[in-house]
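To start, the structure itself, in structure tokens.
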Amino acid sequence: MTELFYAGLEPATFWILVAVSFVSSFITVALGIGGGALLLAVMASAMPPAALIPVHGVIQVGSNALRLAVLFRHVHWPPVLTFLVGTVIGVALGGSLVVNLPPGAILIGVGGFVIWSVLSKPPAWLSRLPVVTGLISSFLTMFFGATGVFVANFTKSLNLPRQAHVASHAVFMTAQHLAKVLAFGLLGFAFGPWLGFLAAMILAGFLGTLGGRLILDRLSDHGFRRVLDVVLILISIRLIWTGLSSLL
């Protein structure tokens with residue numbers, strides 16, 4: 001029973017990952033982005049590679065759905081439907097590929113795009129064409145896992161108040177990760193052995209969401225955007241460095 005709960009992980013590793021789930025959700029709510037990539041990076045050092053993306057996807061479904069529940073009244077709904085259409089198409093295309101794209105090239109591309117978007121005016125198509133953003137980010141999430149940074153730039157281009165930014169981003173990411181999890185299930189991944197681990201990670205993430213909301217409510221919109229830009233650039237630099245390291 002204990003081995004089932006720990007999903008084959010060492011107890012110390014299990015509880016470290018649960019703690020990181022709390023911190024990552026806290027960061028995502030307080031700063032708007034960054035928690036998913038942080039969690040993925042830590043999980044990658046402790047989990048079997050074949051389980052990393054699908055298990056991370058389930059945790060992100062739970063974390064984002066609970067974040068959405070907490071901030072539901074702040075959601076900006078107009079772009080949601082077209083983003084969902086793009087999400088379904090992107091996941092279908094990514095799941096159907098036999099040969100994976102080079103992970104390093106994906107990391108470099110996403111990181112470079114995000115830095116360009118932060119340091120310049122966000123491209124107009126980000127706010128005009130949510131279906132394209134949904135398609136590209138969902139396609140990438142099948143290989144890369146944490147595309148919240150990419151989607152955050154679309155959400156940022158909408159120029160929303162801080163609560164609406166976090167709530168709307170939670171809608172997009174819940175849909176994207178749910179579609180990805182369903183695709184991995186259809187492709188044959190067995191989630192059963194990970195259920196205890198998933199429950200602990202999602203609960204810790206929810207507690208982090210509640211804590212992060214206390215910080216979010218105390219930030220000004222201007223302060224929120226400045227912190228968000230800094231976090232996006234730092235994460236993107238790390239993505240590019242990781243991508244280059246894997247290709248060299």
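Quick note: residue numbers are just sequence positions, from 1.
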Quick check for you: to the nearest 0.5 Å, what is the distance between [X] atom [atom1] and [Y] atom [atom2]?
X	Y	atom1	atom2	value
Trp241	Ile108	CH2	CD1	11.5 Å
Leu135	Leu129	CG	CG	11.5 Å
Leu187	Leu182	CG	CG	11.0 Å
Met173	Arg67	CE	CZ	9.5 Å
Ile89	Ser138	CD1	OG	9.5 Å
Glu10	Ile16	CD	CD1	10.5 Å

Practice task
Decide side chain to side chain contact (heavy atoms under 4.5 Å, CB included) for Asn64 and Leu68; before the verdict, give the C-alpha distance in whole Å, the side-chain angles of both, and the deciding distance to 0.1 Å.
Solution key: CA-CA 6 Å; Asn64 282 284; Leu68 171 59; over 6 Å; no

Closest approach of [X] to [Y] (non-hydrogen atoms, all atoms of both residues):
X	Y	result
Val20	Leu39	CG1-CD1, 3.8 Å
Ala51	Trp194	CB-CZ2, 3.7 Å
Thr133	Ser137	O-OG, 2.7 Å
Gly57	His177	O-CB, 3.7 Å

Within-4.5 Å side-chain heavy-atom neighbours: [X] and [Y]:
X	Y	answer
Ile59	Phe197	yes
Phe14	Val18	yes
Phe83	Val131	no
Val75	Leu71	no
Leu158	Pro79	yes
Leu84	Val80	yes
His76	Thr155	no
Pro54	Val181	no

Throw together a table of side-chain donor-acceptor distances under 3.5 angstrom for residues 200-212, partners on residues two or more places apart or in other chains.
| residue | atom | partner | partner atom | Å |
| --- | --- | --- | --- | --- |
| Thr209 | OG1 | Gly205 | O | 3.1 |

Problem - side chain to side chain donor-acceptor pair (under 3.5 Å) between Thr87 and Gln176, worked out - result: CA-CA 6 Å; Thr87 291; Gln176 187 171 100; 4.6 Å; no

Exercise for the section: Before giving the answer on ring-ring contact (aromatic ring centres under 6.0 Å, His included), spell out for Trp77 and Phe72 the whole-Å C-alpha distance, their side-chain angles and the decisive distance to 0.1 Å. Expected result: CA-CA 10 Å; Trp77 291 105; Phe72 187 82; 5.4 Å; yes

Handout entry: Co-membership, hydrophobic cluster, residues Ile136 and Val88, 4.5 Å side-chain
Key = no

Practice task
Could you state whether Val91 and Leu81 fall into the same hydrophobic cluster, counting links through intermediate Ile, Leu, Val, Met, Phe, Trp or Tyr residues with side-chain heavy atoms under 4.5 angstrom apart?
Solution key: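 Different hydrophobic clusters.
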
Exercise for the section: Answer with yes or no after comparing the ring centroid distance for Phe172 and Phe154 against a 6.0 Å cut-off, counting only values under it. Expected result: yes

Exercise for the section: On the 0 to 90° scale, with breaks at 30° and 60°, tag the His165-His169 ring pair as parallel, tilted or perpendicular. Expected result: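 It falls in the parallel class, under 30°.
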
